[in-house]
Amino acid sequence: MTDALAPLRRDRAEPDWRQGRGDAPLAEVYHSVAISGPPWRRMAAFLGPGYMVAVGYMDPGNWATSLAGGSRFGYALLVVALVSNIMAILLQSLCARLAIASGRDLAQACRDAFPRWVALPLWLLAELAIIATDIAEVIGTAIGLNLLFGIPLAFGVVITSLDVFLVLLLQRAGFRWLEAFVIALLGVIAVCFGAQIVMADPDWGGVIRGFLPRTDIVTNPEMLYLALGILGATVMPHNLYLHSAIVQTRDYGQTLPEKRQALRFATIDSTVALMFALLINASILILAAASFNATGRTDVAELGDAHQLLAPILGLGIAPTLFAVALLCCGLNSTVTATLAGQAVMEGFLRMRLPPWLRRLITRGIAIVPAAFVTIWYGDAGTAELLILTQVVLSLQLSFAVVPLVMFTTSRRKMGDLVAPGWLAAAAVVVAVVIVGLNLKLLWDFVA
């Protein structure tokens, strides 16, 4: 009997990898989006994965770090958001390069390149990163439901667990419908923040100066802690696994010219999407700086506190509603993409072949059970500290995804003709060294 997944397999062990790839990443949607027609239509067909990745760069955990940074230090940490976004653009382009050149996502590449005693700890660390992501997303969504509809946090957590069925429903209609849902919510978020920035009327001179580097970000432990939180919330480990999987939903062909064109289009898609994410992240920090730091409220970090204070500070009752709507949209979007990342990580590292609905429930359950427990345990108090902590945890996990990614994409033996050019390889190594160095500095400050 012919194996139905045979076209998606490459079981022959390849010389540059320890073992063959096996099943394609996210096999039920692998190469499901046709690429044809003139260049502009082919480019349009590639639009989508970048925006799903961009969702992770503006999740509720990022809100907590940006609110705390903006209220405490004004516009000073805008440069961290900018540098983090530049790092993200570079790393996501490497993810697309790895996927298109090798036919593997990052999880599969780690499994196929490293011995089991290395791959399994990397899988556990990836799962820990997804758990930290989900804690932030569940808390953010539950708070959004509470702010808009008065739903208690415990019930809000239960409601967020139903997003797994939303993913199944949308993906059954086609992966493009899932992407359209995510992009539509991103549009709502942009409108909400655009309106709030107009209301806040920030000091635009201060905003411009905030994008200039300053030494006290590294020398001041409090600023460094929040800066690493912003870095962890911006360059998120699960996004690296996610992008390298979903870019392969495009049926771009297997010849070298087709792969080169696919890489160019995928890079444009992710770069434009991440610039949009930078606008949202900067808007959160600017709103906090203009609304709270400028009025002497330097201790605002709770999402609920920010919601309550916006109306009296800005003088318009609609501001808190816009804030809550944007928060809810961010939470919904982030839980959808984290579910897909969880699936890619489990399939890639463990080669688990399960029915899609069961696989969704397992990957979502691994993350949402501890997230729900922590959320219910903490209740309304301490959510800001918990959200910021999850982003720092993500930052500490980031090295274990970035270093293998850079190793693979700078190796000609693994990437062939699509190996990263010299300038890109050098920039990638610098980014990896900076991330590892900042994390070591954070650990040193914590111990000291």
Side-chain angles (χ1 to χ4, degrees), residues 23-30 49 52-57 59-61 95 99 104-111 119-141 157 160-172 175 178-179 181-182 232-233 236-249 330-375 390-391 393-394 397-398 400-401:
D23 290 348
L26 304 179
E28 65 272 15
V29 293
Y30 178 74
M52 296 191 72
V53 170
V55 164
Y57 292 81
D59 78 327
C95 289
R104 291 167 169 80
D105 61 32
L106 181 57
Q108 291 174 321
C110 290
R111 181 201 65 208
L120 280 181
L122 288 177
W123 168 67
L124 291 173
L125 290 169
E127 291 289 359
L128 180 60
I130 292 173
I131 289 171
T133 301
D134 269 334
I135 290 175
E137 291 160 357
V138 168
I139 291 174
T141 305
V157 167
T160 63
S161 67
L162 301 178
D163 68 68
V164 62
F165 301 105
L166 177 63
V167 175
L168 286 171
L169 178 64
L170 291 171
Q171 193 162 307
R172 186 181 297 273
F175 199 76
L178 190 62
E179 293 173 344
F181 172 79
V182 167
M236 301 181 75
H238 81 279
N239 267 342
L240 304 181
Y241 294 102
L242 175 65
H243 194 199
S244 58
I246 62 175
V247 75
Q248 298 185 67
T249 59
C330 278
L332 288 173
N333 259 353
S334 299
T335 49
V336 169
T337 56
T339 300
L340 288 173
Q343 178 185 348
V345 165
M346 178 172 284
E347 287 182 350
F349 277 107
L350 303 184
R351 278 186 168 169
M352 291 188 66
R353 292 183 57 190
L354 298 171
W357 64 269
L358 181 58
R359 189 166 52 226
R360 290 273 198 270
L361 288 177
I362 291 176
T363 54
R364 192 65 179 140
I366 288 175
I368 204 169
V369 168
F373 172 78
V374 172
T375 303
T390 62
Q391 305 312 296
V393 169
L394 285 171
Q397 300 301 317
L398 186 57
F400 298 99

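This chain uses plain numbering: 1 for the first residue, then up along the sequence. Just so it is clear, the structure is predicted and the values come from calculations on it, not from any experiment. Values below: all heavy atoms of this structure, side chains included; hydrogens, waters and symmetry mates excluded.
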*Would you check if the side chain of Glu347 reaches a backbone N or O of Asp23 as a donor-acceptor pair within less than 3.5 Å?*
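No.
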_Any donor-acceptor pair under 3.5 Å from Arg104 side chain to Ala99 backbone_ =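 No, because the side chain of Arg104 does not come within donor-acceptor range (under 3.5 Å) of the backbone of Ala99.
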*Kindly indicate, with the supporting measurements, whether the criterion side-chain contact (heavy atoms from CB on, under 4.5 Å) is fulfilled by Glu179 and Ile246.*
CA-CA 11 Å; Glu179 293 173 344; Ile246 62 175; 5.8 Å; no
*What pairs with Ala245 under side chain to side chain contact (heavy atoms under 4.5 Å, CB included), at least two apart in sequence or on another chain?*
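Applying side chain to side chain contact (heavy atoms under 4.5 Å, CB included) to Ala245 gives Pro25, Leu26, Asp105, Ala344.
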*Ala401: side chain to side chain contact (heavy atoms under 4.5 Å, CB included) partners, not counting sequence neighbours*: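 With sequence neighbours excluded, Ala401 shows a side chain to side chain contact (heavy atoms under 4.5 Å, CB included) to Leu106, Pro237, Leu240, Tyr241, given in chain and number order.
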_NE2-CD distance between His243 and Gln248, expressed to the nearest 0.5 angstrom_ =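 Between atom NE2 of His243 and atom CD of Gln248 there are 10.5 Å.
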*Euclidean distance, Gln397 CD relative to Leu122 CG, rounded to 0.5 Å*: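 It comes to 10.0 Å.
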*Kindly indicate whether the side chain of Leu340, heavy atoms from C-beta on, has any atom under 4.5 Å from the side chain of Leu178.*
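In contact.
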*Would you say Tyr30 and Thr249 make side-chain contact, with heavy atoms under 4.5 Å?*
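No. Closest side-chain heavy atoms not under 4.5 Å.
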*Among Leu332, Val53, Val55, whose side chain to side chain contact (heavy atoms under 4.5 Å, CB included) with Val182 holds?*
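The side chain to side chain contact (heavy atoms under 4.5 Å, CB included) with Val182 is passed solely by Val55 among Leu332, Val53, Val55.
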*Please say which of Leu124, Leu125, Leu128 ends up in a side chain to side chain contact (heavy atoms under 4.5 Å, CB included) with Phe400.*
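Single side chain to side chain contact (heavy atoms under 4.5 Å, CB included) partner of Phe400 among Leu124, Leu125, Leu128: Leu125.
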_Stepwise side-chain contact (heavy atoms from CB on, under 4.5 Å) check, Phe175 with Glu28_ = CA-CA 10 Å; Phe175 199 76; Glu28 65 272 15; over 6 Å; no
*Might you work through the side-chain contact (heavy atoms from CB on, under 4.5 Å) test for Leu120 and Phe349, ending with a clear yes or no?*
CA-CA 7 Å; Leu120 280 181; Phe349 277 107; over 6 Å; no
